[in-house]
J.: 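One structure follows; several queries about it will come next.
Just so we're on the same page: letters track the sequence lines, and every chain starts at 1. The figures here come from the full heavy-atom set of this structure, side chains too, leaving out hydrogens, waters and symmetry mates.
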There are 2 protein chains.
Amino acid sequence: MGRTGGTRERIVRTSARLLLSRSYGSVSVDDVCTAADVRKGSFYHFFPSKAELAKAVVDLHTEALLDRLSAAPGASAAERLHGVADALGTIQTGFESTFGRVVGCPFGNLAAELSTVDDTLRDHLASAFARWEREFAAICHRAQDDGVLRDGVDPDRLAHSLLAHAQGQILLAKVGGHSAAEVAAMLHDLIDVHLHEGAV
Amino acid sequence: MGRTGGTRERIVRTSARLLLSRSYGSVSVDDVCTAADVRKGSFYHFFPSKAELAKAVVDLHTEALLDRLSAAPGASAAERLHGVADALGTIQTGFESTFGRVVGCPFGNLAAELSTVDDTLRDHLASAFARWEREFAAICHRAQDDGVLRDGVDPDRLAHSLLAHAQGQILLAKVGGHSAAEVAAMLHDLIDVHLHEGAV
DNA sequence: CTGTGCGTTGACCGACCGGTCAACTACGGT
DNA sequence: ACCGTAGTTGACCGGTCGGTCAACGCACAG
């Protein structure tokens with residue numbers, strides 16, 4: 001079947017890198033083709049449009065993120081909760097060392113730029129976020145079952161908060177030039193205030 | 001002095017609207033000129049570049065936001081803290097009714113799209129965010145002085161968290177199609193978990 | 001050996017992009 | 001009455017954008 005030189009994958013991975021280092025609007029199809037050493041006709045053989053490429057990039061990151069989340073260790077639910085913060089921190093640290101600074105969240109960047117512009121892309125991103133959130137929510141529910149959540153804290157809302165907080169912290173780090181480590185620290189703080197004292 | 005037909009202001013206000021409803025990359029200078037009924041030469045009489053226009057739009061929103069924050073009522077620091085959430089909620093509700101949905105934060109949208117692309121714009125946005133954060137921090141410190149902050153909660157970090165949370169919640173609402181009211185509710189929740197039980 | 005179809009190539013396209021410019025208008029100061 | 005100047009106008013520009021296309025290479029099935 002789809003076995004040749006792996007051109008499509010090369011395009012997607014190259015695009016992922018370019019989109020992180022700049023933005024959707026400032027990365028042209030020509031840029032992608034040059035960086036991936038692919039001719040434009042080939043590009044349009046695999047992707048009907050630039051927007052579809054963006055969706056493929058979203059899928060790539062989604063897969064990578066979910067893999068990393070499910071691989072996160074932690075015996076107790078509280079540990080797993082902090083493991084989420086660690087996982088996000090690790091990802092951001094990776095981007096930081098690749099690009100020399102925090103460059104934002106691949107999902108958040110595209111969501112901010114394009115969700116008012118392209119409805120199908122917004123849907124795509126919304127379902128990617130929903131998968132994140134479901135993953136988080138499962139852990140939050142386990143935390144509640146373990147009784148480590150403070151009274152009155154709703155696990156579903158906590159999951160949503162965690163996601164929002166991550167997005168916001170990453171965005172602020174990107175614009176303010178803060179480090180990925182600070183982002184992770186703030187996420188750990190957020191988790192801690194939702195847990196009973198002495199939990200973990 | 002600068003008294004004519006108020007062309008410059010019309011350009012900025014029109015751009016603010018267009019940028020919110022779409023994105024920087026998808027709004028052309030021609031779009032702005034058409035919507036503002038201004039010829040392109042006039043545009044470039046007032047702005048040396050499209051990027052400078054974006055900065056002017058940022059300044060417009062900054063002024064509006066700071067006005068609204070300082071006008072927020074609330075006798076106690078805890079009330080003022082919730083007043084911040086209300087103010088942000090009100091602004092988002094306004095956008096929601098203007099555009100028919102949550103369209104994101106004017107600062108956050110531009111920050112996500114352009115802070116890896118244009119350094120001067122990133123600086124501009126960073127200092128705008130810094131002003132927000134200072135405003136928030138002042139209120140958080142007052143809250144600490146009043147003893148309503150939970151033990152171990154650092155007011156400066158809380159201010160940063162509040163800002164991040166607002167950005168994240170607004171972004172998620174934009175992509176997920178949630179309402180401004182839900183955003184505000186989540187912000188109130190965040191504030192509450194940082195306050196002693198029974199405060200307010 | 002030949003047909004079939006995926007992948008590739010490079011030339012090509014019209015639209016639109018951000019930005020420029022010289023000429024013109026209108027008004028306030030003298 | 002004159003001038004300087006802020007503002008306005010519309011034509012113009014080179015470059016780049018996303019996207020198209022006909023022709024070609026080439027592996028594999030028959």
J.: Applying side chain to side chain donor-acceptor pair (under 3.5 Å) as the test, list every pair that has at least one member in residues 85-107 of chain B; sequence neighbours left out.
T.: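 Listed by first then second residue: D86(B)-H188(B).
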
J.: Expressed as a whole number of angstroms, how long is the span from H45(B):NE2 to dT25(C):P?
T.: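 Going from NE2 in H45(B) over to P in dT25(C) covers 17 Å.
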
J.: Which atom pairs, one a donor and one an acceptor, fall under 3.5 Å between side chains of residues 170-186 of chain B and the rest of the protein, sequence neighbours left out?
T.:
from	atom 1	to	atom 2	distance (Å)
K174(B)	NZ	A112(A)	O	2.5
K174(B)	NZ	N109(B)	OD1	3.1
S179(B)	OG	A181(B)	N	3.4
S179(B)	OG	E182(B)	N	3.2
S179(B)	OG	E182(B)	OE2	3.3
E182(B)	OE2	S179(B)	N	3.1

J.: Donor-acceptor pair, distance only, cut-off 3.5 Å: does the side chain of E79(B) make one with the backbone of A75(B)?
T.: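 Side chain of E79(B) to backbone of A75(B): a pair is present.
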
J.: Which atom pairs, one a donor and one an acceptor, fall under 3.5 Å between side chains of residues 42-49 of chain A and the rest of the protein, sequence neighbours left out?
T.:
from	atom 1	to	atom 2	distance (Å)
S49(A)	OG	A51(A)	N	3.4
S49(A)	OG	E52(A)	N	3.2

J.: Please give, in whole Å, the distance from dT9(C) P to I11(A) CD1?
T.: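 The distance from CD1 of I11(A) to P of dT9(C) comes to 11 Å, rounded to the nearest Å.
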
J.: Take atom CG of D118(A) and atom C1' of dG18(D), then tell me their distance rounded to the nearest Å.
T.: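 These atoms are roughly 14 Å apart.
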
J.: Round to a whole Å and report the spacing from CZ of F47(A) to C1' of dT20(D).
T.: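 After rounding, the gap between these two atoms is 18 Å.
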
J.: With H165(A), which residues qualify under ring pair (Phe, Tyr, Trp, His ring centres under 6.0 Å), at least two apart?
T.: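 Ring pair (Phe, Tyr, Trp, His ring centres under 6.0 Å) check on H165(A) returns H165(B).
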
J.: Excluding sequence neighbours, so at least two apart, what forms salt bridge (charged side-chain N to carboxylate O under 4.0 Å, His left out) with R80(A)?
T.: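 R80(A) satisfies salt bridge (charged side-chain N to carboxylate O under 4.0 Å, His left out) with no other residue.
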
J.: Side chain of Y44(A), heavy atoms from C-beta onward: which of dT8(D), dT20(D), dC6(C) has the nearest atom to it?
T.: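 Of the candidates, dT20(D) comes closest.
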
J.: From the list dT8(D), dG19(C), dT9(D), which nucleotide is the closest neighbour of the side chain of K50(B)?
T.: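 Between dT8(D), dG19(C), dT9(D), the one nearest the side chain of K50(B) would be dG19(C).
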
J.: Side chain of F46(B): nearest nucleotide among dG7(C), dT9(C), dT8(D)?
T.: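 Among the listed nucleotides, the one closest to the side chain of F46(B) is dT8(D).
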
J.: Please list all pairs passing the salt bridge (Lys or Arg N to Asp or Glu O under 4.0 Å) test where one or both residues lie in residues 10-30 of chain A, with sequence neighbours left out.
T.: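 Output for this query lists E9(A)-R13(A), R22(A)-D31(A), D30(A)-K40(A).
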
J.: Given Watson-Crick or G-U pairs with both distances under 3.5 Å, what dot-bracket string fits DNA chain D, with | for other-strand pairs and [ ] for crossing?
T.: ||||||||||||||||||||||||||||||

J.: Considering just the side-chain nitrogens and oxygens of T7(A), establish if one lies under 4.0 Å of OP1 or OP2 belonging to dT8(C).
T.: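 Yes, because at least one side-chain N or O of T7(A) sits under 4.0 Å from OP1 or OP2 of dT8(C).
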
J.: Pull out every residue in residues 16-34 of chain A that has a heavy atom closer than 4.0 Å to any atom of DNA chain D, ordered by number, or say none.
T.: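 DNA chain D contact set from residues 16-34 of chain A: V27(A), S28(A), V29(A), D30(A).
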
J.: For nucleotides 11-15 of chain D, give me every protein contact, N/O to N/O, under 3.5 Å, one pair per line with atom names.
T.:
none

J.: Could you note down all residue pairs passing side chain to side chain donor-acceptor pair (under 3.5 Å) where residues 135-152 of chain A supplies at least one of them, sequence neighbours left out?
T.: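 Every side chain to side chain donor-acceptor pair (under 3.5 Å) pair that includes a residue of residues 135-152 of chain A, provided the two are not neighbours, is R150(A)-E197(B).
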
J.: Checking contacts here: which listed nucleotide (dG10(D), dG19(C), dG10(C)) is nearest the side-chain heavy atoms of R39(B)?
T.: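 Nucleotide nearest to R39(B)'s side chain: dG10(D).
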
J.: Kindly write out the residues that satisfy side-chain contact (heavy atoms from CB on, under 4.5 Å) with A35(A), not counting sequence neighbours, or none if the list is empty.
T.: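 Counting only residues at least two positions away or on another chain, A35(A) forms a side-chain contact (heavy atoms from CB on, under 4.5 Å) with T14(A), L18(A).
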
J.: Would you mind reading off the distance between D37(A) atom CG and dT9(C) atom C1', rounded to a whole angstrom?
T.: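 Going from D37(A) (CG) to dT9(C) (C1'), I get 12 Å.
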
J.: Any salt bridge (Lys or Arg N to Asp or Glu O under 4.0 Å) pairs touching residues 154-172 of chain A, not counting sequence neighbours?
T.: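 Residue pairs passing salt bridge (Lys or Arg N to Asp or Glu O under 4.0 Å), neighbours aside: R157(A)-D189(B).
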
